[in-house]
Structures are given as C-alpha cells and as structure tokens.
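First up is the structure itself, then whatever we jot down about it.
Bear in mind the structure is a predicted one, so any value in this text is a computation, not a measurement. Hydrogens, waters and symmetry mates play no part in the numbers below; they use all other heavy atoms, side chains included.
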Amino acid sequence: MNMSRLFVLIAAVALVAAACTTASPQTTSTEASASTSTTEEPSVSNPRLLILDEEGTILVLDGEGEEIESIAPAPGFRFAQPIWTTTESILATELAPTESYVTATALGGEQLWRTAFASPPFYYVASPGDGAPTVLALRNNDVAAGLITEAIDAKGEVTPIGDEAPFYMSWDPGGERFATHVAGTRVDVGSDPPQTILETTAMFQAPIWLDDGLAVLRTSGSSTFLSLWDGDSFTDLGMVRGAARFVGQGSRIAIQTGAGIDTGGVQALAQALPTIPAGTLTVVDTDTGKFTSVTSESSAIFQWDPSGTRLLYATLMVEPEPALIWHVWESGDTVDFGPFSPDPSWFQTIVPFFDQYAQSVSMWSADGSSFAYPAIVDGVPSILVQEITGSEARVVGQGSWVAWAPGGST
C-alpha cells in the first residue's frame, strides 16, 4: 500500500476513534421486537439489513428495525464480517481461538455449507445475481509470506486462484469473470489461465467493473491515468496525480486523489486530457466524459447507491470535538447530516479499504432512500438508519457491523 495513503488513514483513524464516546448523532430510538418470520420475499419495498451484535451473532432486521431472525454461530465461535451473497443467503467468517470457517446460511436457518480454512479469510466478495454465487476470498497465506486468493463455489469447495500477495478483486456485472489487482503491480482478468491486462501498476488500487468495462489506474512511464478497459483496449478518462481511491456504479466513478508533483511531460499531456483535481472528490461520468467536483474536503469514505445516482460520503469534523459527518450528493446538490462517532472496529476495518468493501458491503438500501452505519451512541455500539429525506437518524439495534440486502423483485 502507498505509504502516504496509509499514514493519512492511520492518522484519521486515531483522530476519530479517540472521540468515539464523545459525539452522538441526533437520533430517535427504535426498539427491535423479536420475530421468527422469514416468509416475505425481500425487495425494494421490503428491505432487509443484517447486523453483527457484540456477541458475534448475526441479526436480520427489516427497514424499521424489526427483528426477522437471528443466526447464531456454533458454540465457542463468533461470526465476523457477514455479507449478503443473494437476497436469501448470508456469508460470514466463523472464528474460534484455534479454528476458522466460512459459513453460508440461508434465511430461515438452513446451513448451505461450512468450509474450514487454515487462516481466516478477512475479505470476500460474491458474484452478482440471484443464482448460487461463487465467492472470492482473501486471507493470509498459512504456509508462506503474503496473501492468497481462493474461489469458493456453491457447494463450499475451494479452488486456489493466486498466492502472489493478490489484493483487490471485482466481479463483472454478469458474474462471469473477475479482475484481480495482483501483488500490487498488475491487473489480471479471470483465472484459467488469467489474462494480464496491465503489466505495471504503480499505485495500490481496487479495480471495479462498470456497465461499460473495468475501471483501473493505468500507469505509463511517470504518468497515471484513470482508464476504462472494454475487453480489448483502454480509454483514458483523466490523469491522476498522487495516491487515489475510487468507487463506481453504472456509468459513474467517484475518485479522490492526493496532491502530486508535476513532472516533465505531465503539463503537455494535461492539455489534451483533463486532470482529476488533487484533493477534490470528483465524479466522472464515463458516458459523457464530464467531471463534477463534489467537495474539496478529504473524505474518509464514499459509496454509490445501487442506481449510481446518489453518492454517500463522510468528512471529518475536528471542532468542537472530532467526529464524522455524512453527506449525500446527487446531481450537483448535497444534503448534510449531523455528526456522529463511528464504531472503532468498523471504522478501522472499513475505512482504510472502503474502495474494496464498497463492492461487497452496501450501506445503502436497495432503493437508495436510506443508508445505515455503526456508531457509538451514549457509549453503546449501535446501528443507525438515516433516510435521505433529512429526518433524524434512528437506532435500529445494537451492533458493530451492518449491510443492506440487495434488491429483489417487487
């Protein structure tokens, strides 16, 4: 990872985590009532979200905070980092002092599979669609230095993908192939055998599939470009200076870069190709080529809603006390929300790698009408839901992790 990026992120983590018991958002409390019903089909009009409570149990709630069901780990275990794999199934790491598994569970309680790993996967992303997904998992290599990527099929069977310290992975919209940023130096597509589409990448990045291709940071000589690969060739969208993180949805990319130093050919190239403003959170429309500045403040995290029209982003507030503030940008207009203290474990897991988690964990409801996040409220790790209409955020339960289910049929 780029060391300047890591330093800035660690500083941000320390700043916000230190205040996690001081700032509280304006909230209205909603008590979750127990229920065992799992008969309703999830949809845009019937949203579901999962949370991870302090005991390591997964709770499934409706959009109002009503408990639909709970999924308990095996005795002596706890769940970590649960995600939705389909509208009807959930994946999570199961941890014990000397054992680790990845477990897939259907709503209603049926265990689909449970596979042991020598070291626990710390990130995974499922292929899109409502069919039985293939999951790409990333974990520490238990027999050598570095990381290892594996594919887990619908039966829980594991196939190694790579052990060259691969990093971020991204599925194409059809769930038929994936891209991997390998060893911090190149980008591969597929695995049997992999197709190397970039042999040199000077920057740590999370490539992401959009409607029209794969968005990557492409390095050429001393210059770096935000580029779109259509399966055959690259189209450079803009120049990038300094470390960068980006997320995408549909035909839009949101990107924020650090300050960089101009070199010999940069100015000449910039005359023909736009440069993404350093330090400015910028929206790039791949259909029109239009660049739109969202904010010049450093953003700790940002994510598109499922439609790719609303951008959620957070900025740091220092005075009167350190906290985060959510904002939602849409078509040039921004709605600001009240400050909050993020849950430290969520913040330290998600924020340094949000460009990857944006592809597997949605803070947005399927219809883009609300978002959810963990926060410390009156000293208690809590899950809040905020509607973008501007009403006060409401507490829907206690926990340190949250993800909205993908949309289903209405």
Side-chain angles (χ1 to χ4, degrees), residues 1 6 9 13 50-60 70-86 89-106 111-127 133-171 178 180-184 191 206 343-361 374 381 399-403:
M1 178 183 293
L6 183 61
L9 289 170
V13 168
L50 64 82
I51 69 175
L52 187 66
D53 70 14
E54 294 302 287
E55 302 301 321
T57 297
I58 297 170
L59 303 179
V60 180
S70 64
I71 303 172
F77 287 78
R78 62 180 177 85
F79 282 127
Q81 297 195 28
I83 66 168
W84 294 93
T85 51
T86 68
S89 59
I90 291 169
L91 187 82
T93 300
E94 247 186 312
L95 297 173
T98 60
E99 298 177 87
S100 62
Y101 295 82
V102 173
T103 303
T105 306
Q111 187 177 96
L112 303 177
W113 49 261
R114 186 173 187 249
T115 300
F117 285 85
S119 58
F122 55 82
Y123 177 79
Y124 25 72
V125 59
S127 57
T134 296
V135 176
L136 299 178
L138 183 65
R139 65 183 178 90
N140 290 317
N141 194 333
D142 57 293
V143 296
L147 306 175
I148 184 170
T149 298
E150 294 155 310
I152 313 171
D153 67 15
K155 297 179 180 180
E157 297 177 355
V158 178
T159 301
I161 299 299
D163 59 0
E164 300 175 77
F167 291 107
Y168 291 165
M169 304 89 73
S170 180
W171 285 101
F178 56 88
T180 308
H181 186 222
V182 183
S191 62
D343 179 89
S345 63
W346 173 84
F347 189 83
Q348 293 176 36
T349 298
I350 290 287
V351 170
F353 310 103
F354 77 81
D355 39 2
Q356 180 67 87
Y357 280 102
Q359 302 187 45
S360 61
V361 179
S400 57
W401 183 275
V402 63

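- The side-chain heavy atoms of Thr115 and Tyr101, taken from C-beta on, include no pair separated by under 4.5 Å.
- Under the salt bridge (charged side-chain N to carboxylate O under 4.0 Å, His left out) criterion, Glu164 pairs with Arg186, sequence neighbours left out.
- When all heavy atoms of Thr86 and Ser89 are compared, the pair lying nearest together is OG1-OG, 2.8 Å.
- Taking the side chain to side chain donor-acceptor pair (under 3.5 Å) definition, one finds that Ser127 meets it with nothing, sequence neighbours left out.
- A search for ring-ring contact (aromatic ring centres under 6.0 Å, His included) contacts involving Trp84 returns nothing, not counting sequence neighbours.
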Taking distance alone, no hydrogens or angles, what donor-acceptor pairs closer than 3.5 Å link side-chain atoms of residues 148-157 to residues at least two apart or in another chain?
from   : atom 1 : to     : atom 2 : distance (Å)
Glu150 : OE1    : Arg139 : NE     : 2.8
Glu150 : OE2    : Arg139 : NH2    : 3.0
Asp153 : OD1    : Lys155 : N      : 2.9
Asp153 : OD1    : Gly156 : N      : 3.1
Asp153 : OD1    : Glu157 : N      : 2.9

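- The CG atom of Leu50 sits 9.5 Å away from atom CH2 of Trp401, with the distance rounded to the nearest 0.5 Å.
- Within the 4.5 Å cutoff, the side chain of Leu136 has no heavy atoms near those of the Tyr124 side chain.
- Within a 6.0 Å radius of CD in Glu55, other residues, nucleotides and ligands contribute 12 heavy atoms or fewer.
- Residues Ile58 and Ile51 fail the side-chain proximity criterion, which asks for heavy atoms closer than 4.5 Å.
- The side-chain heavy atoms of Phe117 and Val102, taken from C-beta on, include a pair separated by under 4.5 Å.
- Residues Pro121 and Thr93 share a closest heavy-atom pair of O-OG1, 3.2 Å.
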Begin from the C-alpha positions of Thr180 and Phe167 and carry the test side chain to side chain contact (heavy atoms under 4.5 Å, CB included) through to its verdict. CA-CA 7 Å; Thr180 308; Phe167 291 107; over 6 Å; no

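- Put simply, the side chain of Ser119 gets close to the backbone of Asn140: a donor and an acceptor are under 3.5 Å apart.
- Counting heavy atoms from C-beta outward, Leu147 and Leu138 have side chains that approach closer than 4.5 Å.
- Using a 4.5 Å cut-off on side-chain heavy atoms (C-beta onward), Leu112 and Thr105 make no contact.
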Quick one: do Leu91 and Trp113 satisfy side chain to side chain contact (heavy atoms under 4.5 Å, CB included)? Show the steps, please. CA-CA 10 Å; Leu91 187 82; Trp113 49 261; 3.4 Å; yes

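- Within the 4.5 Å cutoff, side-chain heavy atoms of Ser191 are placed close to those of Phe178.
- The backbone N or O of Ser345 sits less than 3.5 Å from a side-chain atom of Thr349, completing a donor-acceptor pair.
- Remark: Tyr123 OH to Phe353 CZ distance equals 12.0 Å, nearest 0.5 Å.
- With sequence neighbours excluded, the residues satisfying side chain to side chain donor-acceptor pair (under 3.5 Å) with Ser170 are Gln359.
- How far CD of Glu94 is from OG1 of Thr103: 3.5 Å, rounded to the nearest 0.5 Å.
- With a 4.5 Å cut-off on side-chain heavy atoms, Ile90 and Val60 count as touching.
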Per-pair distances, 0.1 Å, donor-acceptor, side chain in residues 71-82, under 3.5 Å, sequence neighbours excluded:
from  : atom 1 : to     : atom 2 : distance (Å)
Gln81 : OE1    : Tyr357 : OH     : 2.9
Gln81 : NE2    : Phe122 : O      : 3.4
Gln81 : NE2    : Tyr357 : OH     : 3.4

